[in-house]
Amino acid sequence: MNRDRLIEKLKAIDVTGKTEQELYTEISKACMSEIMETPQKAPAKTVSYFSVEFLMGRMFFNNLMALGVLDEAKEIFEEKGFDLNCFEDVEDAALGNGGLGRLAACYLDSAANLGYPMCGYGIRYQYGLFKQRFEDGCQIEEADDWLKIWGDPWSVRRADEKIDVVFKDMTVTAVPYDMPIYGKRINTLRLFQAEGSPEAEKISEYLYPADDTEDGKLLRIRQEYFFSAAAVGQLVKNFTKKNGKNFDRFPEFHVFQLNDTHAVFAVAEFLRLLTKEYKLTFVHAVDIAKKTFNYTNHTILPEALECWDVKLVEKILPEVAHILTRLHLHAKREWDMSYSVEDTTEMSIVRGGRFSMANVAVYVSGRVNGVAEIHTEILKKRLFAAAYKNASYKFLNVTNGVTPRRWLMLCNRELADFYDESLGLKWRFDLNELREIHCTNENNLKAFAAIKAIKKRQLAEYIEQKEGVKLLPDAIYVSQVKRLHEYKRQLMTALAILYLYFDLKDGKLPDFTPMVFIFGAKAAGGYKRAKAIIKFINDIAELVNGDEEVNARLQVVFVQNYGVSYAEKIIPGTDVSLQVSTAGFEASGTGNMKFMMNGAVTLGTLDGANIEIVEATRGWHNYIFGAKVTEIEKIKANYDPCEFVAQNLKIKRVTDTLTDGTFEDEGGELKEVYASLFEQTYNSPDHYLVLYDLPQYLETLLMVNRDYQDKELFARKQLANATHSARFSSDRAIEEYAEKIWKLNISH
Ligand SMILES: *Cc1c(COP(=O)(O)O)cnc(C)c1O
């Protein structure tokens, strides 16, 4: 990359008479031309990272920062009378749902910045995750036509590298769109677009189409096979161009990482190609696959562990179904020699007429990893216990991480500048250097507190502009932003807020420091209860914010259309990060890490990476409450939420608001939420222990509220979090993958 030449190109751009969109394209293309002209050394070994989601967010500012021209570009265009900040309106590339997709994006960024060759493979959805707005407090979903206004100047269509993907009833053309990921190396995110008949094009239309019908399930299977087969097809073909059929050498040049089970069809396609096209024996092909594939598990929620009906797969992919069945028998023969019947059944690829995609992945993968220490332990002890007993060498932990470039340097310039002034630039390459910033030093605390105040003010301005709600300026900003799911327990926070509300009205909290609760979350289209929880929180916001008696001390705002760009505003402006999932359910969390990096304290349960966050700050800087993983089973054995509430009338008062007419509930949605707490529904009553953990949650919230009165002490906790966040950088995570799983030896 020639920086001077890029600056000249930017200077040469004429702004007169051009629309924002035209300039966006022109400036982006100028950067792209420089990136594309940068020569790349052919790598010895490349990681192929398969993921059905890539939640990239906005590329413009991130890429200009990566190219080292962001500030100068802003100045250049300011002189021309054009404000680059108007590109804050550019749509996010939201080709993902949440943490899983954002992790893939962070890993691409880190691999490029560390110089590891990695190519991401996924789907170029025409519509990203839906856009959300609220009407009468209810979620309204709109198609996210992300390409319509701003286009996609950061990708290059590579029609020359298109490949056919064959289903029984149709052939689909997979056309790659390559997005360069700029760092020490330039890596690629390759997303495939489905082209051909209208039926074919449906494959890359939507992310996670509804799968409650057979047609829906078939479409999902098509999507998964589509991008897996396209990627594997190209990789294998390119390999044979250089190495002929010497597939024993394949693992020397390629390592595959399956980001969850959505790309497990890649295994079947790999075996199919090697046996059918290149005539290797099945045993030989499996042997090579075992040296190539690795699998990351992201969840233990039963509904997320994919199983596909054998009959369904047979219908559109008979050869693939045949290969998977053969793999099942192959594995069984291997196991029958030494393993118990129970273990073999548990590890089986075909179970009850369905393919267990996780079991395929575990069987074939050289390494299987969980994403936080506690999660990996749960995989070993529960989810994959039999496989662990029989092949324990496969299992390891790699705790997730987030990229400090987007999640610190880009979204919190003020903090990054403070680090630069204190330490020079070395921390930018190793966050461990931040530990040199002493958290007891008065000047550091003052500087940090001033930065936090600025970020809170910026957030308040942004929320006022977007939502029309004016945040209390001198309050504690408490945020819970993440997908809406019962296990994440936004409902528990809602009930806690009502409890505080009633106590404030009753005059029971005389020394209460004003608190602002900020929510952001999308509920999956078909997830009724999650949508009802959104409505409940919006109802509470209306009640609390409209009540003159309390609204100077308590405030609630649920922002619309939470996504990467909104997160970049909320996270730096937050004092307290809520990470309150039921212990054992949040595999890792990555939101928690972004907050930590920006100096928010965590108020959470001992779940996922929260445990490691507390460890990293040696305890007292964060707030932990609630049932522990080891206690849950015992609690549940004797737990009756009705009885629990009967003994705790103040909790009854807040749960009663779901049914007593406090809030309008014509459709009965709130009543259904109430039922989920007290009755057997599709889960046991209060399956996620919302009520059980609520008293301790409240105590902890009030403890935070009291502690905050000592501003200096609280700033110390916050700064300690920020300066001890190195372990949660995706640079650390990628180094671990490179060393322990991918065996990449790059000198850098
Ligand atoms: C980081 C991130 C997530 C993941 O948040 P968790 O709290 O770990 O669930 C989800 N959505 C967006 C937009 C993110 O940036």
Side-chain angles (χ1 to χ4, degrees), residues 51 53-59 62 91-110 128-132 144 146 207-208 259-260 298-301 304 370-372 374-375 399-408 410-412 478-490 492-493 518-524 530 559-574 576-582 585-598 600 602-605 607-613 725 728-730 733:
S51 181
E53 300 183 24
F54 285 92
L55 194 50
M56 301 301 285
R58 204 172 280 146
M59 297 314 296
N62 188 76
E91 312 280 352
D92 278 16
L95 308 185
N97 186 16
L100 175 98
R102 187 51 232 174
L103 186 79
C106 284
Y107 282 0
L108 286 176
D109 184 80
S110 280
L129 183 63
F130 66 86
K131 278 196 189 161
Q132 176 201 55
D144 170 42
W146 65 289
L207 169 74
Y208 298 136
N259 194 31
D260 223 326
H298 284 273
T299 178
I300 58 161
L301 286 179
V371 291
I374 185 180
H375 169 64
T399 298
N400 283 166
V402 299
T403 171
R405 284 158 294 276
R406 186 178 289 266
W407 297 112
L408 171 53
L410 185 64
C411 74
N412 202 337
V478 184
S479 301
Q480 187 169 14
V481 290
K482 45 186 74 254
R483 281 180 303 121
L484 211 132
H485 198 288
E486 288 166 272
Y487 85 78
K488 292 178 181 276
R489 298 201 292 192
Q490 284 96 345
M492 187 169 72
T493 310
I518 300 164
F519 292 90
K522 291 180 184 176
V559 307
Q560 302 171 88
N561 203 37
Y562 176 66
V564 170
S565 290
Y566 223 133
E568 289 170 24
K569 310 282 183 204
I570 292 173
I571 290 167
T574 291
V576 181
S577 147
L578 297 180
Q579 306 296 339
V580 300
S581 53
T582 317
F585 283 92
E586 188 74 87
S588 161
T590 48
N592 47 4
M593 301 169 181
K594 300 168 197 163
F595 279 107
M596 182 196 196
M597 214 173 257
N598 284 277
T602 297
L603 191 173
T605 49
D607 198 17
N610 296 352
I611 297 173
E612 291 160 66
I613 286 175
S725 59
F728 306 101
S729 162
S730 44

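Each ligand, and each atom within it, is numbered from 1 in the order the structure gives.
In Tyr562, the part holding a heavy atom less than 4.0 Å from any atom of ligand 1 is the side chain. Of all the heavy atoms of Phe595, none lies under 4.0 Å from any atom of ligand 1, so neither backbone nor side chain is involved. In Lys594, the part holding a heavy atom less than 4.0 Å from any atom of ligand 1 is the side chain.
Taking a cutoff of 4.0 Å between a charged side-chain nitrogen and a carboxylate oxygen, Asp109 and Arg406 do not qualify as a salt bridge.
The protein non-hydrogen atom at the shortest distance from atom 9 (O) of ligand 1 is Lys488 NZ, 2.7 Å. The nearest protein atom to atom 5 (O) of ligand 1, hydrogens excluded, is given as Gly591 N, 3.7 Å; this is a heavy-atom distance.
No side-chain donor from either of Gln579 and Lys488 sits under 3.5 Å from a side-chain acceptor of the other. Side-chain contact of Asn259 with His298: a donor-acceptor pair under 3.5 Å is present, judged by distance alone.
Of the possible polar contacts, one joining the Glu53 side chain to the Gly101 backbone as a donor-acceptor pair under 3.5 Å is found.
Looking at Lys482 next to ligand 1, an N or O pair under 3.5 Å apart turns up.
Close contacts between ligand 1 and Gly563 involve ligand atoms 13 (C) [criterion: under 4.0 Å to a heavy atom]. Listed by number with element, the atoms of ligand 1 under 4.0 Å from a non-hydrogen atom of Gly98 are 10 (C), 11 (N). Close contacts of ligand 1 with Thr590, meaning ligand atoms under 4.0 Å from a residue heavy atom, involve 1 (C), 4 (C), 8 (O). The distance from ligand 1 to the heavy atoms of Gly589 drops below 4.0 Å at these ligand atoms: 8 (O). Distances below 4.0 Å separate heavy atoms of Trp407 from the following atoms of ligand 1: 15 (O).
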Check against side chain to side chain contact (heavy atoms under 4.5 Å, CB included), Gln490 and Val580 | CA-CA 8 Å; Gln490 284 96 345; Val580 300; over 6 Å; no

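Stacking of Lys522 on the aromatic ring of Phe130 is recorded, both the 6.0 Å distance cut-off and the 45° axial limit being met.
Here the closest non-hydrogen pair linking Phe728 and Met596 is CD1-SD, 3.5 Å. Minimum heavy-atom separation, Ser588 to Met593: OG-CE, 3.5 Å.
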